[in-house]
> 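Structure in structure tokens, see below.
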Amino acid sequence: MLIRIGFVSIALAIFQNTPSSTFTYKLFQQRPRDEAMARAIEVGRKNLQATQRILYYNAAHGIRLYRMSSSLVPLATHPDVIIDVKEVYAKELAAIGEFIRKEDIRVTMHPNQFTLLNGNDKVVEAAVRDLEYHNALMDGMGLDGMHKINIHIGGVYGDKEKAVQKLYDNFHLVSEPIRKRLTFENDDKAYTTLETLTACETLGQPMMLDIHHDWCNPCDSTPLDLLPRIHATWGDAPMKMHVSSPRDPSDFRAHSDYIDPERLLEFLRGCKKQGLERIDVMVEAKQKDLACLKLAEDLAKVRGIKRLDGAVLEM
DNA sequence: GCCAGTCAAGTCCCG
DNA sequence: CGGGACTTGACTGGC
């Protein structure tokens, strides 16, 4: 079984290279419109350059899974601003996409917690706009449907069944190109693995298993019990999952600096036993790329696991 | 150059 | 129903 490990957004090993520089609406309003617009576009370009640099770093370190920042282009979806990212950054996006394909890196994006498809009309409208923005970036990179955009089921609003039904009812608002990329992740408080899986099966979208969220918010079945069904939702695309470790027993939901390989290893062994040929593991840890490489190093010490590259292993 | 406060988003809990 | 917590990294302003 091939295991590819990745990290989120920023490479700490690179000096002063954030892909998430901001330009807030408050500041936007304080300047003449033309100047403010130019500034927003410039910040976006800087973030894309930082992203390109991180991808160089990933290729050099054998890291073939990466979640891009969701704050690449500030204010791109703000109703009063709106930046056509595919047009404005056509050259930059094409170059990044070409590099991603050449180096066989799988990229994903994860709109923030405020992007939900089951809220009120205004919330859903903003969420769809946000998904279109994320999709436009990946489209501009010329990436296929293996590169995913991940969100959560959404709010509960006092009645989970009704709230999930709202998601189903709203799903027609999500365009076909976005559906090719959209995954749903179980969360640490509201929607369990089984509830998320059921929604994914109903909608025909892949399920992103977050194993730490499952520990925080378990259901009657274990992730390994549900693995055949979860795996099936991915179709032709390799299955992807999230892992993080609790920072502290008293602060269980928060992410720690690095990943404790033990509990993950137990899950990976179960995956191997069930015949999975490949799994992509996204590390969510404070130490980002350093935690990703450390996990690869730790897993490589385990008997039966071979490190093929920086963050690529064979089990 | 450091530290505290601000910003942005939507939900959920408390009063 | 209004306000604060939650979350996260970047950034601003005071000293």
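Just so it is clear: chains get the letters A, B, ... in the order the sequence lines come, proteins before strands, and each one is counted from 1.
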> Determine the contact category for A/Lys288: base if any of its heavy atoms lies under 4.0 Å from a base atom, sugar-phosphate if only primed atoms, P, OP1 or OP2 are that close, otherwise nothing.
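Result for A/Lys288 = sugar-phosphate.
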> A/Arg247 CZ to C/dC6 P: how many Å, rounded?
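So the two atoms are 13 Å apart, to the nearest Å.
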> Heavy-atom nearest nucleotide on DNA chain C for A/Gln30 versus A/Pro19: which residue maps closer to 5'?
A/Pro19
> Between P on C/dT7 and CG on A/Leu116, what's the gap in Å once rounded to a whole number?
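After rounding, the gap between these two atoms is 17 Å.
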> Using a 4.0 Å heavy-atom cut-off, does A/Thr18 contact any base of the nucleic acid, only the sugar-phosphate backbone, or nothing at all?
sugar-phosphate
> Separation of A/Tyr25 atom OH from B/dA8 atom C1', in whole Å?
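It is 13 Å, rounded to the nearest whole Å.
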> Please state whether the phosphate of B/dT11, meaning OP1 or OP2, lies under 4.0 angstrom from any side-chain nitrogen or oxygen of A/Tyr157.
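Result: yes.
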> A/Phe99 vs A/Tyr56 aromatic rings, parallel, tilted or perpendicular, using cut-offs 30° and 60°?
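A/Phe99 and A/Tyr56: perpendicular rings.
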> A side-chain contact here means heavy atoms from C-beta on lying under 4.5 Å apart; do A/Lys294 and A/Ile259 qualify?
no
> To the nearest 0.5 angstrom, please state how far the CG atom of A/Asn118 sits from the NZ atom of A/Lys162.
12.5 Å
> If you only use heavy atoms from C-beta on, which nucleotide in C/dT12, C/dT8, B/dC12 is closest to the side chain of A/Leu27?
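Closest nucleotide among those given: C/dT12.
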> Judged by modelled atom types alone, do A/Asn58 and A/Arg64 share a side-chain donor-acceptor pair under 3.5 Å?
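Short answer, no.
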> Quickly work out the A/Asn17 CG to C/dG9 P distance and round it to whole Å.
16 Å
> Would you indicate which nucleotide in C/dT7, C/dA10, C/dT8 comes nearest to any side-chain atom of A/Arg253?
C/dT7
> A/Phe114 has an atom CZ; how far is it from atom P of B/dA8, in whole Å?
12 Å
> Return the value, rounded to whole Å, for the distance between atom CG of A/Leu12 and atom P of C/dA10.
9 Å
> For the side chain of A/Thr24, counting heavy atoms from C-beta on, which of C/dA10, B/dT11, B/dC7 is nearest?
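Selected nucleotide: B/dC7.
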> Which listed nucleotide (B/dC12, B/dT11, C/dA10) is nearest to the side chain of A/Val123?
B/dT11
> Counting only heavy atoms from other residues, nucleotides and ligands, does the tally under 6.0 Å from CD of A/Gln30 exceed 12?
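Correct, the count exceeds 12.
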> Calculate the interatomic distance between A/Leu72 atom CG and C/dG9 atom P; express it in whole Å.
15 Å
> Which whole-number value in Å describes the distance from A/His134 NE2 to B/dA9 P?
15 Å
